[in-house]
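Here is the structure we will look at.
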Amino acid sequence: MTLIAQPLPSGFRPYAWAPSSAEVAARHGLRPEQILRFDQNTPTLPGVPRVPLAPSFARLNEYPDGTYRELREAAASYCGVEANQVVVGAGADELISLCARTYLGPGLRAAVSPPTYGLYRIVTELEGAEVVEEPDAAAVIWVCNPNNPTGELREPADLAALARAHPDAIVVVDEAYFEFADVTCVPLLAEQPNVIVLRTLSKAFGLASLRVGYAIAAPAVAAELELRRAPASVSGPAARIAAAALREPRIDVADTVAERERVRGALVGAGHDCPESAGNFVFVRTAEPLGERLEQQGLVVRRFLEGIRITLRRPRENDVLLA
Ligand SMILES: Cc1ncc(COP(=O)(O)O)c(C=O)c1O
């Protein structure tokens with residue numbers, strides 16, 4: 001028997017996870033507890049579930065409500081939209097794939113503006129579509145706002161103009177870091193039905209391991225996504241904890257934002273090219289092997305061709321990196 005997988009485009013690079021702390025420690029002759037991670041873009045402390053967990057864990061034999069009504073209603077009220085505008089998924093990542101599955105295919109193009117979140121390129125290529133930099137003639141325009149890894153924030157008015165200028169394209173605005181920026185494109189949806197906004201519980205809510213994200217779109221667009229969504233990819237306990245978190249958001253981004261400004265100020269003061277950031281991270285533009293040098297000391301940052309991205313941790317931990 002010959003099993004033939006669908007061919008991948010030449011030069012395809014799959015999603016790559018960062019090495020574990022144990023691997024990093026072994027590589028540099030350090031102990032795992034000496035490793036400090038500044039590369040995950042998640043908060044240092046976990047979010048706390050706001051519902052008793054026993055009832056959902058007592059019913060692990062049952063499938064979750066496949067319509068995710070409770071979670072969609074909670075997300076809708078958190079965002080000021082209707083529940084029929086919300087589509088849920090196992091993290092924003094699953095919704096990125098769902099947008100690609102819905103609007104891309106062979107012969108189509110998707111615009112990606114690097115450096116940005118790597119999954120846009122991956123899902124585009126997996127659908128057999130082509131990645132381009134210019135939005136003209138693209139079926140999907142991927143926008144990360146604030147942008148991972150640079151932290152750059154584009155004004156909703158700019159993105160409204162982009163969506164108006166490309167009425168036949170879907171503009172996917174990934175707002176994974178929305179809570180740190182407090183700027184959103186959700187109000188655009190009323191006038192620009194070709195915009196989809198993506199959100200996650202993985203960042204400011206501190207619930208990355210739950211794997212919950214949601215898309216907000218005009219009802220007709222949400223219905224198209226819904227038709228192609230996996231039947232029940234969010235587990236029952238995850239949906240319940242996420243709904244409670246969205247109903248009663250107790251997210252405290254002020255300390256992270258203050259650290260972001262302090263750390264950026266220190267980096268700029270030390271002569272680094274560190275642009276303003278609206279996320280829970282800062283970016284240092286450099287061609288030097290800064291990431292490698294930090295890693296030798298047990299400080300793991302995310303490396304890009306254009307520089308390094310540093311996730312903010314607690315002040316004394318950030319001070320170790322600045323020292
Ligand atoms: C821009 C962006 N979108 C999406 C994700 C993934 O989010 P989730 O954990 O909800 O899949 C990340 C995670 O780092 C991200 O940086």
Side-chain angles (χ1 to χ4, degrees), residues 14-18 37-44 46-47 68 71 74-75 78-79 86-101 110-124 126 140-154 159 171-181 183-185 196-216 225 229-230 233-235 238-239 241-243 245-246 251 253 256 260 277-283 300-304 306 308-313:
Y15 193 89
W17 285 98
R37 303 207 70 123
F38 295 86
D39 64 332
Q40 303 283 300
N41 274 6
T42 49
T44 318
Y68 295 107
L71 176 54
Y78 178 66
C79 298
V86 176
V87 180
V88 307
D93 280 353
E94 190 179 48
L95 295 155
I96 293 170
S97 300
L98 181 59
C99 291
R101 190 184 314 144
V112 175
S113 176
T116 192
Y117 188 47
L119 197 59
Y120 311 141
R121 174 187 57 75
I122 293 171
V123 298
T124 299
L126 286 176
V140 169
I141 302 171
W142 299 107
V143 179
C144 190
N145 206 44
N147 187 40
N148 173 8
T150 59
E152 184 200 353
L153 182 69
R154 292 177 69 177
L159 297 174
V171 180
V172 180
V173 184
D174 182 346
E175 294 187 353
Y177 301 95
F178 154 71
E179 285 83 3
F180 302 101
V183 168
T184 179
C185 284
I196 298 175
V197 174
L198 303 182
R199 296 276 186 85
T200 180
L201 278 282
S202 297
K203 304 300 177 183
F205 284 90
L207 298 171
S209 190
L210 280 189
R211 309 305 302 127
V212 181
Y214 56 98
I216 314 140
L225 296 176
R229 170 173 80 74
S233 58
V234 180
S235 75
I241 296 168
L246 287 161
I251 37 182
V253 295
T256 305
R260 178 182 78 203
S277 169
N280 61 343
F281 52 89
V282 293
F283 190 67
V300 185
V301 297
R302 187 68 197 264
R303 298 184 221 170
F304 295 81
E306 299 82 356
I308 59 168
R309 188 195 69 199
I310 303 165
T311 308
L312 282 320
R313 296 183 59 101

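Start at 1 and go down the list; that is how both ligands and their atoms are numbered.
In summary, the atoms of ligand 1 found under 4.0 Å from a heavy atom of Ser202, numbered by their order in the structure, are 8 (P), 9 (O), 10 (O). The ligand atoms of ligand 1 that sit less than 4.0 angstrom from a heavy atom of Arg211 are 8 (P), 9 (O), 11 (O).
The closest donor-acceptor contact from the side chain of Ser277 to the backbone of Val282 lies at 3.5 Å or more, if one exists at all. Arg260 places a side-chain N or O within donor-acceptor distance of the main-chain N or O of Gly279, the cut-off being under 3.5 Å. At distances below 3.5 Å, not a single donor-acceptor pair connects side-chain atoms of Asn145 with backbone N or O atoms of Asn147. Formation of a donor-acceptor pair under 3.5 Å by the Lys203 side chain with backbone atoms of Asn41 is found in this model. Panel note: side chain Arg309, backbone Thr150; no donor-acceptor pair is recorded below 3.5 Å.
Look at Gly91 and you'll find a heavy atom under 4.0 Å from some atom of ligand 1.
Aromatic ring centres of Phe281 and Tyr177 lie closer together than 6.0 Å.
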| field | Val212 vs Leu71, side chain to side chain contact (heavy atoms under 4.5 Å, CB included): CA-CA, chis, key distance, verdict | value | CA-CA 10 Å; Val212 181; Leu71 176 54; 3.9 Å; yes
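When non-hydrogen atoms are compared, ligand 1 lies under 4.0 Å from the side chain of Lys203 (C-beta onward) but not from its backbone. Residue contacts with ligand 1 for Ala92 involve both N, CA, C or O and side-chain atoms from C-beta outward (heavy atoms, distance under 4.0 Å).
Residue Asn41 places no N or O, backbone or side chain, under 3.5 Å from any N or O of ligand 1. The N/O atoms of Asn148, backbone and side chain alike, include one that comes under 3.5 Å of an N/O atom in ligand 1. Considering both main-chain and side-chain atoms, Cys144 never comes within under 3.5 Å of ligand 1 through any nitrogen or oxygen pair. Residue Gln40 places no N or O, backbone or side chain, under 3.5 Å from any N or O of ligand 1. At least one N or O atom of Tyr177, backbone or side chain, sits closer than 3.5 Å to an N or O atom of ligand 1.
Annotation: atom 6 (C) of ligand 1 to nearest protein heavy atom, Asp93 OD1, 3.1 Å. Looking only at heavy atoms of the protein, atom 3 (N) of ligand 1 is closest to Asp174 OD2, 2.6 Å.
Tyr120 and Asp174 share a donor-acceptor pair across their side chains, judged by distance under 3.5 Å alone.
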